[in-house]
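In what follows, a single structure is set out as structure tokens and then discussed.
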2 protein chains.
Amino acid sequence: MAEGRRSRAVMDLRDRVLSGEFPAGARLYEVQIAETLGISRTPVREALGQLEREGLLERVPSGGFAVRTFTFDDVADAIELRGVLEGTAARLAAERGAEPARLHRIEQVLDGLDRATAEESYDFGAYEALNAEFHALLAGLSGSEILRVEIERAARLPFASPSAFLRGQQGVPAFHRSLIGAQAQHRAIVEAIDLREGTRAEGVAREHARLARRNLEYVMFEDRSLIDRVPGLSMVVG
Amino acid sequence: MAEGRRSRAVMDLRDRVLSGEFPAGARLYEVQIAETLGISRTPVREALGQLEREGLLERVPSGGFAVRTFTFDDVADAIELRGVLEGTAARLAAERGAEPARLHRIEQVLDGLDRATAEESYDFGAYEALNAEFHALLAGLSGSEILRVEIERAARLPFASPSAFLRGQQGVPAFHRSLIGAQAQHRAIVEAIDLREGTRAEGVAREHARLARRNLEYVMFEDRSLIDRVPGLSMVVG
DNA sequence: CAGACCATAAATGTATACATGAAGCTGTCA
DNA sequence: TGACAGCTTCATGTATACATTTATGGTCTG
């Protein structure tokens with residue numbers, strides 16, 4: 001039994017909250033959850049605290065936990081925040097210099113992304129995985145563990161993560177074209193870091209996050225049927 | 001019945017960790033703490049989890065919690081991070097426009113800071129309180145709750161907070177002069193926001209945080225006797 | 001009929017008992 | 001003497017029992 005009941009409760013509850021099984025603002029009852037999972041209240045309580053830390057739940061003043069609710073503006077700000085943090089990672093990597101090994105790895109990922117987006121061999125699944133890896137590598141490129149963890153934190157709000165809207169947009173016509181643009185930004189960020197152009201790296205990384213905001217607007221205002229495909233958007237009211 | 005045993009345990013443990021009573025890296029034993037506080041392990045456990053969220057403790061892989069350790073670079077990066085976030089708050093306030101009531105309040109605080117730093121009526125205690133209020137107001141000036149909370153989080157690492165090094169430097173000769181410079185930056189930030197000069201506001205706010213970095217360097221490398229006066233510096237190794 | 005108060009039920013907060021697993025020690029054997 | 005096995009100890013993980021608080025619903029009163 002590798003992981004303990006606590007971790008399993010965390011994973012289970014996280015999935016259920018993100019899937020929308022618990023509506024936004026709904027209170028979570030320890031006893032009910034404990035019975036469902038067949039464990040005692042103690043690890044459930046710990047799991048609820050963990051999910052609060054992740055930003056998915058909030059403490060109710062009178063006691064207990066409830067599913068957190070977000071407005072459209074909250075989501076937009078969370079995306080902006082990620083852009084600012086990734087921009088800082090890019091700038092610091094440029095200013096301080098990134099380790100060659102790390103730069104080499106992220107350039108390999110760039111090549112992989114090129115192949116995944118090429119017309120003749122378009123592979124959405126590969127793109128999704130490589131995109132996540134690119135952003136993870138970028139977060140650590142400056143060597144600052146403090147910053148890396150903070151970016152990870154900011155991207156843990158599911159709708160703020162770099163991969164949040166990929167799945168939702170998979171079928172949209174203009175989507176493949178937007179991937180080409182995104183990939184151009186990826187390359188520009190790494191090139192700027194390589195050339196020690198900190199301001200450029202920061203600016204492009206910020207702008208890159210704006211793609212997510214545009215996708216958010218599309219999903220929320222143009223084609224709401226896609227909402228269910230973006231994890232965590234069930235927590236957005238309005 | 002004020003706050004429940006959990007909150008009291010949090011406050012007590014936070015103080016003791018920051019005071020250096022538990023050395024960096026030291027493990028915290030639930031039973032021992034519970035006995036000291038005269039409560040059971042359950043609220044102690046919750047308190048430890050809370051302090052992990054605040055970044056003061058970390059989970060030990062084999063189980064339990066230990067006092068987190070930071071390097072000098074970690075502290076410098078945490079300060080840089082706060083500067084980036086406060087810079088973003090200033091920029092967004094400028095770009096989006098700040099509520100007049102909020103702007104008015106922060107300008108009143110600016111006037112108070114002027115009085116507190118004036119030669120004839122220098123009042124360190126007042127400066128400390130007003131400085132904290134200035135930074136709290138700045139964090140909320142853009143109206144983004146997401147950002148405000150994130151700044152609060154970043155400033156919860158005690159050595160990264162805007163007031164961290166004030167007390168430590170209280171007796172240093174050049175200190176009063178540096179306060180004058182800091183106050184000039186405060187005014188420049190608010191002026192830039194008022195004039196909707198987002199880039200300027202962001203830049204000055206970032207530079208403002210660099211004062212903390214300079215103070216950190218002074219305390220760590222010039223006069224280490226001051227270390228004990230800055231809360232949380234006991235967690236820094238080296 | 002509105003409002004306040006009490007009773008009751010249910011959920012969380014806290015304490016304690018039990019289970020599990022990790023770390024250290026001791027004794028023995030190579 | 002060194003190393004390893006097994007045991008012992010102790011700390012945490014988990015379960016359960018108890019206490020306290022909160023929400024609710026119904027009734028009584030003005």
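Lettering of chains follows the sequences in order, A, B, ..., and the numbering in each one begins at 1.
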State whether A:Arg5 places a side-chain N or O below 4.0 Å from either non-bridging phosphate oxygen (OP1 or OP2) of D:dA15. yes
Between the side chains of A:Ser225 and A:Asp223, is a donor N or O closer than 3.5 angstrom to an acceptor N or O? yes
Going by the angle between their ring planes, with limits at 30° and 60°, are B:His135 and B:His186 parallel, tilted or perpendicular? perpendicular
Value in whole Å for how far the P atom of C:dC18 lies from CZ of B:Arg41: 14 Å
Contact class for B:Arg27 (heavy atom, under 4.0 Å): base, sugar-phosphate, or nothing? sugar-phosphate
Base, sugar-phosphate, or nothing for A:Leu28, non-hydrogen atoms under 4.0 angstrom? sugar-phosphate
Using a heavy-atom cut-off of 4.0 Å across all strands, would you classify B:Arg6 as base, sugar-phosphate, or nothing? sugar-phosphate
Closest to the side chain of B:Tyr29, out of C:dA11, D:dT12, D:dA15, is D:dT12
Atom CZ of A:Phe65 to atom C1' of C:dA11: distance rounded to whole Å? 13 Å
Taking only N and O in the side chain of B:Arg45, is any of them less than 4.0 Å away from OP1 or OP2 of D:dG13? yes
Reckon B:Ser62 has a side-chain N or O less than 4.0 Å from the OP1 or OP2 of C:dA23? yes
Which of these nucleotides, C:dT12, D:dG13, D:dT14, is closest to any side-chain atom of A:Thr42? D:dT14
Verify whether the ring centers belonging to B:Phe159 and B:Phe70 lie closer than 6.0 Å. yes
So if I take every side-chain heavy atom of A:Glu30 and compare against C:dT12, C:dT14, C:dA17, which nucleotide ends up nearest? C:dT12
Consider only side-chain N and O atoms of B:Glu54 and B:Gln50, and report whether a donor and an acceptor are under 3.5 Å apart. yes
